[in-house]
Amino acid sequence: MAPMGIRLSPLGVAVCCLLGLGVIYHLYAGVISSRINSFRQQRKVDLRDLLALSIEAAVAGGLEVKRIREDSVLEERSKGKTKEGASEKLTLGDLSSHRKMYYLFKNTYPFLQVNSEEHDEVEKHNALWSRNIPSDVQQKVRASEVAADKITVWIDPLDATQEYTENLRKYVTTMVCVAVDGKPVIGVIHKPFTKYTEVSILWKTQYVEWKKT
């Protein structure tokens, strides 16, 4: 019971309770957010593994590009205009390669930022990395872990789409770039119709580039 002569306002009590709950929620949310950010910062990725995955993704995307071109099922359409005003084309080759490459990365490292030249409504794909580290990657590149939140992956599932539609196969490539703190450290260019691949990594004291056929 309140002291004699003092009457508690129901509205005042309700406001005090709400303010108290707000303070508790704010403090709790801050703790949870801090723990989540701390957990994210602890995640690390080996750049040698990421290079091997980049090579596999570029080749896998290239196989899709080649298959669709040889089957002549391009399903060509325009996705807009270039800066020069020309029609920017999109084919089934672009999309199939995008799905394969994008989800190879996202299914392996779902916490990495992956940006693609193409976009698609398909939200899932069962593409899985083989976890195979090619012998040349093992021999040429040292293992080196980097915080996951510093890494951004960029993919181009089919470069030279116009030439692709014209069956000018030698100009067609799939590409992967990996950046750390915004600076490119890994590059992979693959030519699906000649099975030519160019690989490079520049990280701290490591600089290696080579060609695979």
Side-chain angles (χ1 to χ4, degrees), residues 29-62 65 82-83 88 94-95 97-120 122-125 127-161 173-192 196-212:
V31 170
I32 294 297
S33 177
S34 176
R35 288 184 178 179
I36 290 174
N37 288 334
S38 175
F39 178 68
R40 285 176 176 170
Q41 291 172 359
Q42 290 173 2
R43 285 175 168 161
K44 293 189 176 182
V45 176
D46 191 326
L47 288 182
R48 184 167 66 177
D49 290 351
L50 200 52
L51 174 59
L53 173 55
S54 298
I55 295 170
E56 189 167 316
V59 172
V65 168
T82 65
K83 292 180 180 179
E88 190 171 7
D94 294 90
L95 294 177
S97 177
H98 159 79
R99 292 167 192 159
K100 182 70 75 170
M101 295 176 69
Y102 180 83
Y103 284 105
L104 270 170
F105 283 101
K106 292 303 287 185
N107 291 343
T108 305
Y109 299 113
F111 46 84
L112 284 186
Q113 177 67 41
V114 182
N115 300 315
S116 176
E117 182 75 14
E118 307 301 341
H119 299 88
D120 189 22
V122 174
E123 295 183 356
K124 291 185 178 180
H125 192 285
L128 295 174
W129 180 33
S130 68
R131 297 281 175 180
N132 176 53
I133 309 294
S135 58
D136 53 354
V137 173
Q138 293 186 44
Q139 293 168 7
K140 297 174 184 291
V141 181
R142 298 192 303 273
S144 184
E145 290 190 333
V146 176
D149 61 350
K150 295 178 178 291
I151 297 172
T152 306
V153 179
W154 300 84
I155 63 174
D156 190 343
L158 198 170
D159 189 51
T161 301
T173 61
T174 60
M175 296 188 286
V176 179
C177 174
V178 177
V180 174
D181 288 329
K183 297 179 181 179
V185 298
I186 289 174
V188 178
I189 300 174
H190 176 66
K191 293 188 173 183
Y196 167 92
T197 307
E198 189 162 339
V199 181
S200 64
I201 180 168
L202 173 59
W203 175 245
K204 294 185 178 179
T205 59
Q206 288 192 85
Y207 175 65
V208 186
E209 67 174 315
W210 71 98
K211 299 171 183 177
K212 300 162 64 76

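Positions are given from 1 along the sequence.
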Residues forming a side-chain contact (heavy atoms from CB on, under 4.5 Å) with [X], sequence neighbours excluded:
| X | result |
| --- | --- |
| Ala179 | none |
| Lys211 | Tyr196, Glu198 |
| Lys100 | Ala60, Glu64, Leu104, His125, Ala127 |

Next on the checklist: Can you list everything that forms a salt bridge (charged side-chain N to carboxylate O under 4.0 Å, His left out) with Glu118? Sequence neighbours excluded, please.
Outcome noted: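 Counting only residues at least two positions away or on another chain, Glu118 forms a salt bridge (charged side-chain N to carboxylate O under 4.0 Å, His left out) with Lys79.
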
Checklist entry - Of all residues at least two apart in sequence or in a different chain, which pass the salt bridge (charged side-chain N to carboxylate O under 4.0 Å, His left out) check with Asp46? => result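 Checked Asp46 against salt bridge (charged side-chain N to carboxylate O under 4.0 Å, His left out); zero matches.
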
Next on the checklist: Can you pull out every salt bridge (charged side-chain N to carboxylate O under 4.0 Å, His left out) where at least one residue sits in residues 129-143? Sequence neighbours excluded, please.
Outcome noted: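 Sorted result for residues 129-143: Asp136-Lys212.
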
Checklist entry - How would you list all residue pairs meeting salt bridge (charged side-chain N to carboxylate O under 4.0 Å, His left out) that involve residues 176-185, not counting sequence neighbours? => result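 Matches after skipping sequence neighbours: Lys150-Asp181.
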
Checklist entry - Side chains of Val153 and Ile186: does their closest heavy-atom pair fall under 4.5 Å? => result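 A side-chain contact is absent here, since even the closest heavy-atom pair is not under 4.5 Å.
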
Please find the pair of heavy atoms, one from [X] and one from [Y], that lie closest to each other, and give the distance.
| X | Y | value |
| --- | --- | --- |
| Thr161 | Leu158 | OG1-O, 3.5 Å |
| Leu95 | His119 | CD2-O, 3.7 Å |
| His190 | Ala58 | CD2-O, 3.5 Å |
| Ala52 | Pro134 | CB-CD, 3.8 Å |
| Thr174 | Pro157 | CG2-O, 3.1 Å |

Kindly write out the residues that satisfy side chain to side chain donor-acceptor pair (under 3.5 Å) with [X], not counting sequence neighbours, or none if the list is empty.
| X | result |
| --- | --- |
| Gln138 | none |
| Asn115 | Gln113 |
| Asp156 | none |
| Arg48 | none |

Item to check | Lys44 side chain vs Ser144 backbone, donor-acceptor pair below 3.5 Å | outcome: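 No: the side chain of Lys44 does not pair with the backbone of Ser144.
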
Next on the checklist: Could you work out, with ring-ring contact (aromatic ring centres under 6.0 Å, His included) as the rule, every residue matching His98, not counting sequence neighbours?
Outcome noted: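 Result, ring-ring contact (aromatic ring centres under 6.0 Å, His included) vs His98: Tyr102.
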
Checklist entry - Does atom CH2 of Trp154 have more than 12 heavy-atom neighbours, drawn from other residues, nucleotides or ligands, at distances under 6.0 Å? => result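 Count not over threshold, so no.
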
